[in-house]
Structure formats: structure tokens, C-alpha cells
Amino acid sequence: MAKRIDIKDLDIYYGDFKAVEGVNLAIEPQSVTAFIGPSGCGKSTELRSLNRMHEVIPARTPKARSCSMGENIYALDVDR
Ligand SMILES: Nc1ncnc2c1ncn2[C@@H]1O[C@H](COP(=O)(O)OP(=O)(O)O)[C@@H](O)[C@H]1O
Ligand SMILES: [Mg+2]
């Protein structure tokens with residue numbers, strides 16, 4: 001069953017540079033959601049954090065109060 005994506009207070013860094021700050025976002029199951037905004041505002045960074053591809057970039061750190069699809073996708077016991 002499709003799950004809701006629920007993001008609370010997401011910050012994403014490249015090293016010391018905070019590229020995304022304080023994102024709160026809910027995406028309902030079986031809905032279409034578009035990220036729009038000027039170049040460099042963080043659309044790709046945000047999207048990469050949802051499939052955990054941000055972690056393959058050196059010196060990257062996503063931090064969120066919670067980032068869940070039914071469970072916290074950044075919990076230590078979640079397989080990559
Ligand atoms: N690999 C990276 N290393 C350092 N900074 C990055 C990297 N990728 C993107 N950034 C910076 O993060 C910010 C957001 O970029 P990005 O998510 O690519 O924006 P968008 O997709 O909205 O154009 C920009 O300031 C960009 O320069
Ligand atoms: Mg982009």
C-alpha cells in the first residue's frame with residue numbers, strides 16, 4: 001500500500017553549507033507533486049534526500065525532526 005511522505009523540519013547540508021532549511025512537507029499517496037522554484041533553491045537536494053541518494057555525496061548531512069514513509073527513513077535500523 002502506498003504511504004504518505006511526511007517531512008518535519010528538514011535541513012540538508014553540503015559540509016558547512018546549509019542548502020535546505022526547515023522544510024515541512026506532506027505528500028499524499030497516489031498524488032502528483034511538483035517541486036518548483038528558481039535554480040539553486042534546493043529542489044534536487046530535497047528530492048535526493050527522500051530516496052537517500054544525498055548520502056552518497058561526500059560531506060553531506062540531512063537532518064530532520066522526522067522524515068517518514070510510515071517509518072522514519074533515516075532511522076539507524078533502516079537498510080540503505
Ligand atoms: N554536490 C554539491 N556540493 C555542494 N553544494 C551543492 C551541491 N549540489 C548542490 N549544491 C548547492 O545546494 C544548493 C541547492 O542546489 P540544488 O538542490 O541543485 O538546487 P535546484 O535543484 O533547485 O536547482 C545550491 O546553492 C547549490 O549550489
Ligand atoms: Mg535541480
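Atoms within a ligand are numbered from 1 in the order they appear, just like the ligands themselves. Each residue takes its place number in the sequence, starting with 1.
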Please report whether ligand 1 has a polar contact with Gly40, defined as an N or O pair separated by less than 3.5 Å (distance criterion only). yes
If I compare all heavy atoms of Leu10 with all of Val20, which pair ends up nearest, and what's the gap? O-CG1, 3.8 Å
Give me the nearest non-hydrogen protein atom to atom 27 (O) of ligand 1 as residue plus atom name, then the distance to 0.1 Å. Phe17 CE2, 5.0 Å
What protein heavy atom lies closest to atom 18 (O) of ligand 1? Include the residue and the distance to one decimal. Ser44 CB, 4.0 Å
In short, Asn24 meets Asp9 closest at the heavy-atom pair OD1-N, 2.9 Å
Any protein heavy-atom neighbour for atom 2 (C) of ligand 1 (distance below 4.0 angstrom)? yes
Please identify which atoms of ligand 1 are closer than 4.0 Å to at least one heavy atom of Ser39. 23 (O)
If we ignore hydrogens and angles and just use 3.5 Å, is the side chain of Lys43 paired with the main-chain N or O of Gly37 as donor and acceptor? yes
Do any of the N, O or S atoms of Ser44 sit under 2.8 Å from the Mg ion (ligand 2)? yes
Between Ala19 and Thr45, what is the shortest heavy-atom contact and its length? CB-CG2, 4.5 Å
Considering only protein heavy atoms, which is closest to atom 19 (O) of ligand 1, and at what distance to one decimal place? Gly42 N, 3.2 Å
Minimum heavy-atom distance Leu25-Glu46, with the two atoms named: CD2-OE2, 4.1 Å
Atom 16 (P) of ligand 1 [closest protein heavy-atom partner, distance rounded to 0.1 Å]: Thr45 OG1, 3.6 Å
Are any of the N or O atoms of Ala19 closer than 3.5 Å to those of ligand 1? no
Spacing of Glu21 atom CD and Ile12 atom CD1 [to the nearest 0.5 Å]: 11.5 Å
Minimum heavy-atom separation for Asp11 and Gly22, please, with both atom names. OD1-N, 2.8 Å
Could a heavy atom of Gly37 be found less than 4.0 Å from some atom of ligand 1? no
What's the shortest distance from atom 10 (N) of ligand 1 to any protein heavy atom, and which residue and atom give it? Tyr14 CE1, 3.5 Å
